Amino acid sequence: QVELVESGGGSVQAGGSLRLSCVASGNIPSNYPMGWVRQTPGGTREGVAAIGSDGSISYRDSVKGRFTISKDNAKNTLYLEMNNLKPEDAGMYYCGAHNGRLKGAYYVASANFHYWGQGTRVNVST
């Protein structure tokens, strides 16, 4: 059983920053792929950033240079540092984990994880 708990969402103005955290507990090895997926207000699900089982990191194009994903294995915590936020970044952000052995790019493209957190909302105003 794997449990993921996100935090750090909130409301910011465009250009602002937020840092999301996802604490993992349960039977989750340190090399499990993990990442962030968001659901936009329009209902679209998008892979945002992910770390693959080999440590490879991938981002969707629209967040490259602004978002940074990282993981602290000692704390079993995944982070997403989001800078220069734009209104189109708004949505519900979910942390995901997978028991596969794929690269980060797969998870960004597919937004497919086995385990999910409850989500944390990000609002960005103009």
Side-chain angles (χ1 to χ4, degrees):
Q1 185 70 19
V2 173
E3 183 179 19
L4 305 172
V5 180
E6 303 98 331
S7 62
S11 297
V12 297
Q13 289 188 323
S17 299
L18 287 171
R19 188 194 197 201
L20 307 184
S21 299
C22 170
V23 179
S25 60
N27 185 22
I28 180 167
S30 61
N31 65 344
Y32 260 25
M34 293 187 70
W36 294 93
V37 172
R38 68 188 178 195
Q39 183 159 3
T40 69
T44 302
R45 191 173 71 167
E46 303 175 337
V48 176
I51 301 176
S53 62
D54 62 351
S56 59
I57 290 177
S58 187
Y59 300 94
R60 72 179 296 106
D61 286 345
S62 63
V63 308
K64 287 179 180 177
R66 301 187 296 120
F67 290 13
T68 302
I69 188 172
S70 61
K71 189 165 68 166
D72 186 334
N73 289 328
K75 296 182 178 180
N76 291 329
T77 302
L78 182 75
Y79 300 100
L80 184 68
E81 184 77 35
M82 304 186 295
N83 297 315
N84 190 21
L85 281 160
K86 302 177 180 181
E88 53 263 39
D89 294 318
M92 186 68 85
Y93 281 69
Y94 296 93
C95 172
H98 196 275
N99 62 8
R101 295 291 183 269
L102 300 174
K103 292 185 178 292
Y106 165 80
Y107 299 101
V108 171
S110 68
N112 180 34
F113 290 95
H114 286 144
Y115 307 102
W116 296 94
Q118 83 287 351
T120 186
R121 186 168 297 279
V122 172
N123 296 311
V124 184
S125 59
T126 56

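We count residues from 1, following the sequence as given. Every heavy atom of this structure was used, including side-chain atoms; hydrogens, water molecules and symmetry mates were not. Keep in mind that this is a model prediction, so the values were computed, not measured.
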Peer 1: Return the set of residues passing side chain to side chain donor-acceptor pair (under 3.5 Å) with Asn76 (not counting sequence neighbours), or none when no residue passes.
Peer 2: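 In terms of side chain to side chain donor-acceptor pair (under 3.5 Å), with neighbours along the sequence ignored, Asn76 is linked to no residue.
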
Peer 1: Quick one: does Gln118's side chain have a donor or acceptor within less than 3.5 Å of a partner on Val5's backbone?
Peer 2: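 It does not hold such a pair.
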
Peer 1: Check side chain to side chain donor-acceptor pair (under 3.5 Å) between Asn112 and all other residues, then give those that pass, not counting sequence neighbours.
Peer 2: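 Expected list: Tyr106.
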
Peer 1: Please tabulate, for side-chain N and O atoms in residues 33-44, each donor-acceptor pair with protein atoms closer than 3.5 Å (sequence neighbours left out).
Peer 2:
| residue | atom | partner | partner atom | Å |
| --- | --- | --- | --- | --- |
| Trp36 | NE1 | Tyr79 | O | 3.3 |
| Arg38 | NE | Glu46 | OE1 | 2.7 |
| Arg38 | NH1 | Asp89 | OD1 | 3.1 |
| Arg38 | NH1 | Tyr93 | OH | 2.9 |
| Arg38 | NH2 | Glu46 | OE1 | 3.1 |
| Gln39 | NE2 | Gly43 | O | 3.4 |
| Thr40 | OG1 | Gly42 | N | 3.4 |
| Thr40 | OG1 | Gly43 | N | 3.4 |
| Thr40 | OG1 | Thr44 | N | 3.1 |

Peer 1: Taking only residues two or more places apart in sequence, or in another chain, which ones meet Tyr94 in a side chain to side chain donor-acceptor pair (under 3.5 Å)?
Peer 2: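 If we apply the side chain to side chain donor-acceptor pair (under 3.5 Å) test to Tyr94, skipping adjacent residues, there are no hits.
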
Peer 1: Please give me the minimum heavy-atom distance between Ser53 and Gly100, naming the atom from each residue.
Peer 2: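 For Ser53 and Gly100, the tightest heavy-atom pair comes out as CB-O, 4.0 Å.
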
Peer 1: Work out which heavy atom in Gly104 is nearest to a heavy atom in Ala50; give both atom names and the distance.
Peer 2: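 Nearest pair, atom of Gly104 first, then Ala50: O-CB, 3.6 Å.
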
Peer 1: Search all heavy atoms of Leu4 against all heavy atoms of Cys22 and return the closest pair with its distance.
Peer 2: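 Taking Leu4 first and Cys22 second, the nearest heavy atoms are CB-SG, 3.9 Å.
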
Peer 1: Mind listing the closest non-hydrogen atom pair of Thr120 and Ser7 along with its distance?
Peer 2: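 For Thr120 and Ser7, the tightest heavy-atom pair comes out as OG1-C, 4.1 Å.
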
Peer 1: Do other residues, nucleotides or ligands put more than 12 heavy atoms under 6.0 Å from the NZ atom of Lys71?
Peer 2: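 More than 12 within 6.0 Å, yes.
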
Peer 1: Determine yes or no for a side-chain-to-main-chain donor-acceptor pair under 3.5 angstrom, with Glu6 supplying the side chain and Cys95 the backbone.
Peer 2: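 Side chain of Glu6 to backbone of Cys95: a pair is present.
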
Peer 1: List in chain and number order the residues that pass side chain to side chain donor-acceptor pair (under 3.5 Å) with Asn83, two or more places apart in sequence or in another chain; answer none if no residue qualifies.
Peer 2: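 Asn83 satisfies side chain to side chain donor-acceptor pair (under 3.5 Å) with Ser17 once adjacent residues are dropped.
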
Peer 1: What closest approach, in Å, do Ser58 and Val108 show between heavy atoms, and which atom pair accounts for it?
Peer 2: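 So the minimum-distance heavy-atom pair works out to O-CG2, 3.4 Å.
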
Peer 1: Taking only distance into account, with no hydrogens and no angle test, what donor-acceptor pairs under 3.5 Å do side-chain atoms of residues 24-31 form with protein atoms, sequence neighbours excluded?
Peer 2:
none

